[in-house]
Structure formats: C-alpha cells, structure tokens
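Data block below; observations after.
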Amino acid sequence: MKIAFFDAKSYDIPGFNNCVKDTDLEIKYFETRLNEDTVSLAAGFDAVCVFVNDVLNKKVVDELYKLGVKVIALRCAGFNNVDTRACYGKIHVFRVPAYSPYAVAEHAMALLLCVNRKIHKAYNRTREFNFNLTGLSGFDLHGKTVGVIGTGKIGRIFADICKGFGMEVLAYDKFPNPASGLHYVELPELFAKADVISLHCPLTDETRYIINDDSVEQMKKGVVIINTSRGGLIDTESLVNGLKVQIIGAAGLDVYEEEGDLFYEDNSGEIVQDDKLVRLIGMPNVIVTSHQAFLTNEALDNIAHTTVDNLQKFANDEPNPDNEVCYHYDRKDDCRK
Ligand code: NAI
C-alpha cells in the first residue's frame, strides 16, 4: 500500500519510519499540505495521510477519488477539515481518536499558569537582568471557579488537574456524562460564574463561535479564556473586543480560527497580514502557541502507531469502527461498503 504523507515535519518522520519498517506500507513524505493546488501529488497512491490544516473539502475529496485514493488517514482526532459527506461511499476516513489527552490537558494548564502568573513577561525581563515585579501580579487559582466546556477525554483530565489546584469545576457538555462526577450547568450559568473558561469540545456547526459577543457579555469581569480545542470555537473579533474592554482579563490560545495559513510554519521574516492575530499577539495578556498542545513524545508515538495500525487494518479488510469516521454515524457498517 502506497501512502502520500502530507504536511510532513521532521518530528513526524522517525516515528512513522519506525512503525512501517516491517510492513507492506510504503510512505512518501511531502512537506506541502494537501489542498486543491497539491491534490495531484496523490496520483498513484492508495492512501493519503494528513493533519489538522490539510484541506479536504469536496473538491479535494472528489479529486482524490478520481485519482484512485481509497483511504484518508488522519494523524489527529478532529476531522472538521474533511468533508466526510463527500467521502461517504467513496473513500474511507480513519482518525486517531486519542493520542494523549494528558498532553493537551497539561498544555491547557500550562497556558493558564503562564498567562495568569505572567511567566512569559518574567522570562523576557530576567533575560535582560530586569528584576522589577511591576505588572506581574496574578491571582491564586485555589478557590477560583473554572468552566470546562466539553467533558470528553481531554476536558475531564483538565477538570481533574484543576481540582488538584483546589479549583471549583463547573462543566457544560451537550451530552453530560453522569459517571464523571462533574457538576454540570447550562452555559449562561457557566459564563456568569467562571473565573477561567477552558474549551474542550469539538468544532461543529453547533459549537462554532460558542464564544461570541453575546457570551462575552455574560462573563465575569477578568475571566481568563483558554482554547486548546479548535480556533473556530471563538469569534476572534469578540475575543479582541472583550480583551479591549477588559471583560476578558487574559487569553491562552493554542488554536486560532485562521491558523491554517500560518501555524506550523516559520513566518518570522514575513509581514503577517492577519490584523486580528497581530492585535492578539501584541497584547501583554495573551499567549499564542502554534497548535502544539499535542506535542509530546508519548503523543507522537501513539499517533504513528495508531495511524499505521489503521492503514494495516484497512489493507487487511479488518473492521475498525472505533477509528473510522463515518458520515452516517448510525450506520457504521455502511462505511465498509
Ligand atoms: P472527546 O470526543 O473525547 O470529547 C469531546 C466532548 O465534547 C464530548 O464529551 C462531547 O459530548 C462534547 N461535545 C460535543 N458537542 C458539543 C457541544 N455542542 N457542546 C458542548 N460539548 C460538546 O474529544 P477530546 O479527545 O477530549 O478532544 C476535544 C477536542 O480537543 C477535539 O475535538 C480537538 O478539536 C481538540 N484537540 C486539540 C489538540 C491540540 O493539539 N490543540 C489535540 C487533540 C485534540
């Protein structure tokens, strides 16, 4: 089975090479992302292996099908960048549902600690032997309330970490999990009571812009917003306005709604044209990381193993319903046809 591996990075390649070395899988690595301009590179391959910012819209999916590609192997959990409806009945889509929920939850806490305790500013100051503390005050997390939106694998681990800090956790989920022991509330109550809000739900039509002008208006003054999930959960304009009027006290963002053209690349020599991102990065109380919450050795290892396993199971015609993404969730078996 020949696999075209798009958006290949130096940290992906060793793990994948190691996993395929005793298999019939053959990988060709492309640094470029998969999109309408690059889809022709998939000619002659049985599968494409893609990541979060590859674009698999209907046009790309139809073209992949015409080129004879049978499988899309996502190296990530989220699949909002794939038109699964267009894939249905034509191309099988597999994902890695969990590679390390700990990695993402721990990064969310790292962003919260950093932005609250101004570690990013302190680091720059002490490097210049400026030991002044003015402007570096934060608040105790102990005793504060955190609102966790989305209580799946990552959200629940993040909630546990917060409990370890002595925080009170309020949770919101479209499908609350009674076994989690979490205190579920409706969104207005969460917005009104939370000192910190952390997003851990997937990006869907329903959750797009779950943080918007209206929700910001309901929030407590000084609230800290953490987003390690997907950029599209936040209307960036509402976030910027909330920060400007100081309803939002700080933000830690690992994802950004227009990250596709910028994240994972070195743009340090360019004039970045995205004014909203430039405004955010220019704020002293905002930290942006480049969709790196997953980036631990354990997660990279799990991604390579699960992706290769998904491809081998497909090659051997073994059912793999837990990792197959099907447009018809209620009729999973149809994905094998
Ligand atoms: P999960 O599938 O275990 O949990 C998602 C939770 O969101 C579920 O409990 C689900 O019921 C809930 N949910 C679904 N629709 C909702 C809605 N309309 N409102 C509120 N909650 C809703 O997923 P997991 O593994 O916890 O990942 C969460 C998200 O984290 C992923 O969707 C992905 O976007 C993001 N992620 C980010 C990474 C990064 O490197 N920054 C890496 C991995 C995942």
Side-chain angles (χ1 to χ4, degrees), residues 1-9 12-13 15-30 33-35 39 41-42 44-58 60-101 103-104 152-154 202-204 230 294 298-337:
M1 189 175 200
K2 291 176 76 180
I3 299 135
F5 190 112
F6 286 88
D7 203 8
K9 299 284 186 234
D12 293 316
I13 296 172
F16 272 87
N17 281 345
N18 190 36
C19 284
V20 296
K21 67 176 186 290
D22 297 320
T23 71
D24 291 336
L25 306 182
E26 191 187 313
I27 300 184
K28 184 168 170 66
Y29 296 100
F30 294 101
R33 288 184 184 162
L34 177 59
N35 55 39
V39 64
L41 290 170
F45 290 90
D46 305 294
V48 292
C49 185
V50 296
F51 199 49
V52 291
N53 287 321
D54 292 291
V55 178
L56 292 100
N57 57 20
K58 181 167 173 12
V60 171
V61 169
D62 288 348
E63 191 55 33
L64 288 173
Y65 182 63
K66 263 196 241 159
L67 292 172
V69 170
K70 295 172 208 69
V71 186
I72 294 167
L74 286 153
R75 307 193 292 280
C76 50
F79 49 89
N80 52 287
N81 54 332
V82 181
D83 188 334
T84 49
R85 187 180 197 141
C87 294
Y88 185 67
K90 293 179 174 169
I91 300 186
H92 293 266
V93 183
F94 295 93
R95 66 180 185 130
V96 183
Y99 23 101
S100 174
V104 183
K153 292 176 285 298
I154 298 169
L203 178 61
T204 63
R230 285 292 181 267
F294 72 99
E298 291 79 0
L300 288 172
D301 213 40
N302 287 338
I303 287 170
H305 274 101
T306 308
T307 306
V308 168
D309 192 55
N310 286 342
L311 288 162
Q312 279 189 303
K313 281 196 170 128
F314 177 80
N316 299 333
D317 209 22
E318 279 177 53
N320 186 9
D322 289 343
N323 294 0
E324 177 146 21
V325 179
C326 191
Y327 168 63
H328 281 285
Y329 289 97
D330 51 335
R331 296 169 58 200
K332 277 192 168 187
D333 285 344
D334 281 4
C335 282
R336 304 283 317 153
K337 289 185 186 146

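Just so you know, residue 1 is the first one in the sequence shown, and it goes up from there.
Counting only N and O atoms by type, the side chains of Asn17 and Tyr29 include a donor and acceptor under 3.5 Å apart. Judged purely by distance below 3.5 Å, without hydrogens or angles, the side chains of Asn323 and Asn310 pair a donor atom with an acceptor atom.
The CZ atom of Arg95 lies 13.0 Å from the CD1 atom of Ile303; values are rounded to the nearest 0.5 Å. Summarising the geometry, atom NZ belonging to Lys90 is positioned 15.5 Å from atom NZ belonging to Lys70; distances are rounded to the nearest 0.5 Å. We find the NE2-CD distance between His92 and Glu324 to be 6.0 Å, quoted to the nearest 0.5 Å. Here Gln312 contributes atom CD and Asn316 contributes atom CG; the two are 6.5 Å apart, rounded to the nearest 0.5 Å. One finds the CG atom of Leu34 at 9.5 Å from the CG atom of Asp7 (value rounded to the nearest 0.5 Å). Taken to the nearest 0.5 Å, the CG atom of Asn320 stands 9.5 Å off from the OG1 atom of Thr306.
The environment of Asp24 atom CG is sparse: at most 12 non-hydrogen atoms of other residues, nucleotides or ligands sit within 6.0 angstrom. The local environment of NZ in Lys9 is crowded, with over 12 non-hydrogen atoms from other residues, nucleotides or ligands closer than 6.0 Å.
Side-chain contact between Leu56 and Leu64 is present, with heavy atoms from C-beta onward closer than 4.5 Å. The side-chain heavy atoms of Asn81 and Asn53, taken from C-beta on, include no pair separated by under 4.5 Å. Side-chain atoms of Lys2 and Leu25, non-hydrogen and from C-beta on, never get closer than 4.5 Å to each other. No side-chain heavy atom of Phe94 sits under 4.5 Å from any side-chain heavy atom of Ile72. Within the 4.5 Å cutoff, no side-chain heavy atoms of Glu26 are placed close to those of Ile3. Counting heavy atoms from C-beta on, the side chains of Val82 and Cys87 come closer than 4.5 Å.
Residues Val60 and Asn35 approach most closely at CG2-C, 3.7 Å, considering heavy atoms. Scanning all heavy atoms of the two residues, the minimum distance from Val69 to Ala47 falls at CG1-CA, 4.0 Å. Nearest heavy-atom pair, Ala299 versus Ser100, reported as atom, atom and distance to 0.1 Å: CB-CB, 3.7 Å. Counting all heavy atoms, side chain and backbone alike, Arg75 lies closest to Phe6 at NH2-O, 2.9 Å. Smallest separation of non-hydrogen atoms from Asn302 and Tyr99: ND2-O, 2.5 Å. The two residues Ala42 and Val48 make their nearest non-hydrogen contact at CB-CG1, 3.8 Å.
Applying side chain to side chain contact (heavy atoms under 4.5 Å, CB included) to Asn80 and the options Leu203, Val52, Thr204 leaves one that passes, Leu203.
Using a cutoff of 4.0 Å between basic side-chain nitrogens and carboxylate oxygens, Asp309 and Lys313 are scored as salt-bridged.
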How far apart are the C-alpha atoms of Phe294 and Phe51, what are their side-chain angles, what is the distance that settles it, and do they pass the ring pair (Phe, Tyr, Trp, His ring centres under 6.0 Å) test? CA-CA 12 Å; Phe294 72 99; Phe51 199 49; 5.4 Å; yes
Do Phe5 and Phe30 pass the ring pair (Phe, Tyr, Trp, His ring centres under 6.0 Å) test, and can you show the C-alpha distance, the side-chain angles, and the key distance before you say yes or no? CA-CA 6 Å; Phe5 190 112; Phe30 294 101; 9.6 Å; no
How far apart are the C-alpha atoms of Thr84 and Cys326, what are their side-chain angles, what is the distance that settles it, and do they pass the side chain to side chain contact (heavy atoms under 4.5 Å, CB included) test? CA-CA 7 Å; Thr84 49; Cys326 191; over 6 Å; no
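No side-chain donor-acceptor contact under 3.5 Å links Asp83 to the backbone of Asn57.
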